Participant: 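Would you mind keeping the following structure in view while I ask a few things?
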There are 2 protein chains.
Amino acid sequence: MPAPARTSRDAIVASGRAILERDGLDGLTMQRVAATVGVRAPSLYKHVRDRGDLVRLILNDVAVELTAALDAAAGSGEPRRDLGTLARAFRRFAMTHPEAYGLLFARLPDGSRIDPEVNARAGEALLRAAAALAGPDDALAAARTVTAWAHGFINMELAGAFRLGGDVDRAFEFGLERLTSAIAAPDRP
Amino acid sequence: MPAPARTSRDAIVASGRAILERDGLDGLTMQRVAATVGVRAPSLYKHVRDRGDLVRLILNDVAVELTAALDAAAGSGEPRRDLGTLARAFRRFAMTHPEAYGLLFARLPDGSRIDPEVNARAGEALLRAAAALAGPDDALAAARTVTAWAHGFINMELAGAFRLGGDVDRAFEFGLERLTSAIAAPDRP
DNA sequence: ACCTGAACACCGTTCAAGT
DNA sequence: ACCTGAACACCGTTCAAGT
């Protein structure tokens, strides 16, 4: 006698994501997720392998959404301009999903880490803009420089590491402008 | 009848740090720390407030050591050269203490976050080099640009986010060289 | 085929009782 | 003054039993 599913993997991931964003990673318990979707904790194991797997699914979901935001931000045809809109879209996304963003590039157990393809896909728009600006030989190194800066800045901002006062928005724009010029190939001013 | 202390806060922090580096944050349990220093878990609460406090003490310890490594790396009198040795020392330290480093700028509960003075002290050497290179007006923004880049690069490298192959060491040197030029004031080539 | 209660091993933390 | 066992509330996870 089959029993009808009272919940679904999508519902579990969506609920887990909301709880993660509201209560942080420590607050993301199987019992809380189960209660939100209307089952008991053991039932969750019919839909996800374990808690680490649930974290992975949530982060994949977030990364796909980030990718869409980045894709929408780029595409002006002007790589210099694209790099700016990409960096600002990146920062805006992180600020509206701070808990999830903080885990996106964190050291997590293997089972919780984001899928490689999802990760690669998220970096594409920026890699394209960097390639157009820096030329093919330096494309990857240039993309890594910009990504590292943007991620590092956002991560430190989210962690509250900028404690010396000053204008953080201005520091972001300063870094963005200097970096854009710095990675441009000599013949691409 | 007073009972002699069978352990100390320093021993607990040192043991906790070793366990953190070996087993990760999830592996850092009060029971394991207690066993290593030779007492039972409840005794630890005579020396630290709770587990979050222990994490804070460990991270403070790591940050102080990082500060010493950075201070030792700088001081050549040549800000351009200092920036390079600082960035490389930063990366080397992170690679030898990956678990602790990954938490240094992570989103942690308030009670686990590093002390503001320890954080400010760690940034001093880099702020000094950046100021010498960028000039007083842009000193803070320039220091934040370099710190963000270095931290972001190292954090992504530790998290295994550079999955497109390529030469990661070369990307680090590329970013370092371009960034150094980018933050230099026009009159400080 | 999914859901459940019961159970297990493990946490962090408190506290009264020991020395 | 510190250490301990016992206890409590809470985890994640497994599993046999229900429908």
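What you are looking at is a predicted structure, and each value in this text was computed from that prediction instead of being measured. Proteins come first, then strands; the chains are lettered A, B, ... in the order of their sequence lines, and each starts at number 1.
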Participant: When you measure from the side chain of A:Glu21 to the backbone N and O of A:Ala100, does any donor-acceptor pair fall under 3.5 Å?
Facilitator: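 Side chain of A:Glu21 to backbone of A:Ala100: a pair is present.
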Participant: Can you list the steps and then say if B:Val146 with B:Leu86 is a side-chain contact (heavy atoms from CB on, under 4.5 Å)?
Facilitator: CA-CA 10 Å; B:Val146 180; B:Leu86 278 169; over 6 Å; no
Participant: Would you mind reading off the distance between B:Arg51 atom CZ and C:dC11 atom C1', rounded to a whole angstrom?
Facilitator: 9 Å
Participant: Suppose we define a pair by two distances each less than 3.5 Å, Watson-Crick or G-U wobble; what does C:dC10 pair with here?
Facilitator: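 Per the H-bond distance test, none.
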Participant: Sort out the partner of D:dG5 for me: Watson-Crick or G-U wobble, both distances under 3.5 Å, none otherwise.
Facilitator: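 When the pairing criteria are applied, C:dC15 turns out to be the nucleotide that pairs with D:dG5.
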Participant: From OH of A:Tyr45 over to C1' of C:dT4, roughly how many Å is that when rounded to an integer?
Facilitator: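 Spelled out: OH on A:Tyr45 to C1' on C:dT4 is 14 Å.
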Participant: Looking only at the side chain of B:Pro42 (C-beta and beyond, no hydrogens), which of the listed nucleotides D:dG5, D:dT13, D:dC3 gets closest?
Facilitator: D:dG5
Participant: I'd like to know whether CZ of A:Arg163 has more than 12 heavy-atom contacts from other residues, nucleotides or ligands below 6.0 angstrom.
Facilitator: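 Yes, because the 6.0 Å sphere around CZ of A:Arg163 holds more than 12 heavy atoms from other groups.
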Participant: Counting only N and O atoms by type, is there a donor-acceptor contact under 3.5 Å from the side chain of A:His97 to the main-chain atoms of A:Phe93?
Facilitator: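 Flag set: sc A:His97 to bb A:Phe93 pair under 3.5 Å.
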Participant: Would you say C:dT4 has OP1 or OP2 under 4.0 Å from some side-chain N or O of A:Ser43?
Facilitator: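 A:Ser43 to C:dT4 OP1/OP2: side-chain N or O found under 4.0 Å.
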Participant: Take the protein atom CZ of A:Arg40 and the nucleotide atom P of C:dC3, then report the distance between them rounded to whole Å.
Facilitator: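 Atom CZ in A:Arg40 sits about 13 Å away from atom P in C:dC3.
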Participant: B:Met30 CE to D:dT4 P: how many Å, rounded?
Facilitator: 14 Å
